[in-house]
2 protein chains.
Amino acid sequence: MTDETETVREGELADYLGYALKRVTSLVQGDLVQVLAPFQLRITSFSALTVIVGRPGLTQTELAETLSIERSNLVQIIDGLAGNGWIERTAVAGDRRYYALVPTAEGVALLESARAAVRDHEARVFCALTVREKAELGRLLAKIRAR
Amino acid sequence: MTDETETVREGELADYLGYALKRVTSLVQGDLVQVLAPFQLRITSFSALTVIVGRPGLTQTELAETLSIERSNLVQIIDGLAGNGWIERTAVAGDRRYYALVPTAEGVALLESARAAVRDHEARVFCALTVREKAELGRLLAKIRAR
DNA sequence: TATTGTTATACTCTATAACTATA
DNA sequence: TATAGTTATAGAGTATAACAATA
């Protein structure tokens with residue numbers, strides 16, 4: 001079996017859940033990068049656009065916290081999304097320090113297309129799992145994060 | 001609940017298994033980096049040393065394939081392990097193009113200590129899961145990789 | 001003083017092409 | 001010509017410090 005062969009080759013590494021997580025994540029992300037490229041999106045800009053469309057008007061600091069990335073690293077991502085006309089930074093009355101991030105109609109439309117492609121991608125890379133198993137995987141991952 | 005709050009904040013992102021995998025992996029790896037630092041090991045050098053100890057005599061190309069990293073990127077990792085006296089590149093009779101990678105006694109001893117720390121680390125970061133759940137997670141991840 | 005967004009910088013990881021020495 | 005190891009380089013992700021504008 002391929003499984004046993006891999007276990008022999010990787011030896012003890014195969015026993016670490018962290019290693020298994022890393023390998024699967026890199027498999028999935030490698031595929032996702034290809035899927036998003038035609039949309040001119042990277043993984044992080046897709047994630048950012050998804051959150052902005054879902055929570056229009058949030059600030060960069062809020063978005064950075066949600067995605068767990070540094071504010072400073074978010075700047076170029078936001079620049080890219082705004083440069084492509086997919087989001088806008090609108091002034092907030094009362095406090096001129098921050099901007100509200102809102103998607104444009106083009107941004108919403110682009111995300112709709114990209115989202116469909118990402119759904120296909122997920123169906124493909126996780127096709128070895130049943131619906132029940134996918135739900136279980138999601139539950140286990142959420143449980144680890146919530147600890 | 002924290003779970004529901006997070007779901008609201010991340011919106012649709014929370015529905016992607018790939019995103020959940022990425023977040024958990026980065027959580028786990030962030031912790032592991034700290035755990036390995038006192039041993040002068042990075043994640044990849046720990047992985048490499050683990051495989052070399054488990055399969056003494058393998059070549060760099062074999063190791064690169066096992067870890068799924070480019071041969072070129074493995075060079076500095078091997079240099080580091082050899083520079084610290086944890087492995088040796090020994091000549092192979094019959095074909096002078098490649099070297100057999102073998103651990104030194106120091107390398108084996110270091111790995112033994114690091115391994116214990118990594119076991120503790122895994123117990124800690126996955127403490128939210130039962131033994132059965134950890135086994136199930138491992139099984140699901142292996143299934144995805146084997147597809 | 002504290003906060004938001006920003007710039008600059010550096011370090012890691014990863015991917016590719018090209019080189020050398022050996023076969 | 002093909003392969004093993006190597007070098008150089010560039011891209012992307014990530015982390016930190018410091019700054020200007022605003023509160």
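We name chains A, B, ... by the order of the sequence lines, and we start the count at 1 in each one. These figures come from a predicted structure and were not determined experimentally.
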Hphob cluster co-occupancy, I69(B) + L58(B), side-chain heavy atoms under 4.5 angstrom: yes

Same apolar cluster (I L V M F W Y, side chains within < 4.5 Å links), W86(A)/I43(A): yes

Summary of salt bridge (Lys or Arg N to Asp or Glu O under 4.0 Å) pairs that have at least one residue in residues 80-98 of chain A, sequence neighbours excluded: D79(A)-R89(A), D95(A)-R97(A)

Listed once per pair and sorted, the salt bridge (Lys or Arg N to Asp or Glu O under 4.0 Å) pairs that draw on residues 33-44 of chain B, sequence neighbours left out: none

Set of side-chain contact (heavy atoms from CB on, under 4.5 Å) partners for E136(B), sequence neighbours left out: E136(A), L140(A), R139(B), L140(B)

Base-contact (B) and sugar-phosphate-only (S) positions in nucleotides 12-21 of chain C, heavy-atom cut-off under 4.0 Å, - elsewhere: SSBBBB----

Selection residues 40-77 of chain A - residue pairs positive for ring-ring contact (aromatic ring centres under 6.0 Å, His included), sequence neighbours left out: F46(A)-Y16(B)

Chain A footprint on DNA chain D, 5' to 3' - any atom under 4.0 Å from a heavy atom: dA12(D) to dA23(D)

Any donor-acceptor N or O pair under 3.5 Å, side chains R115(A), T50(A): no

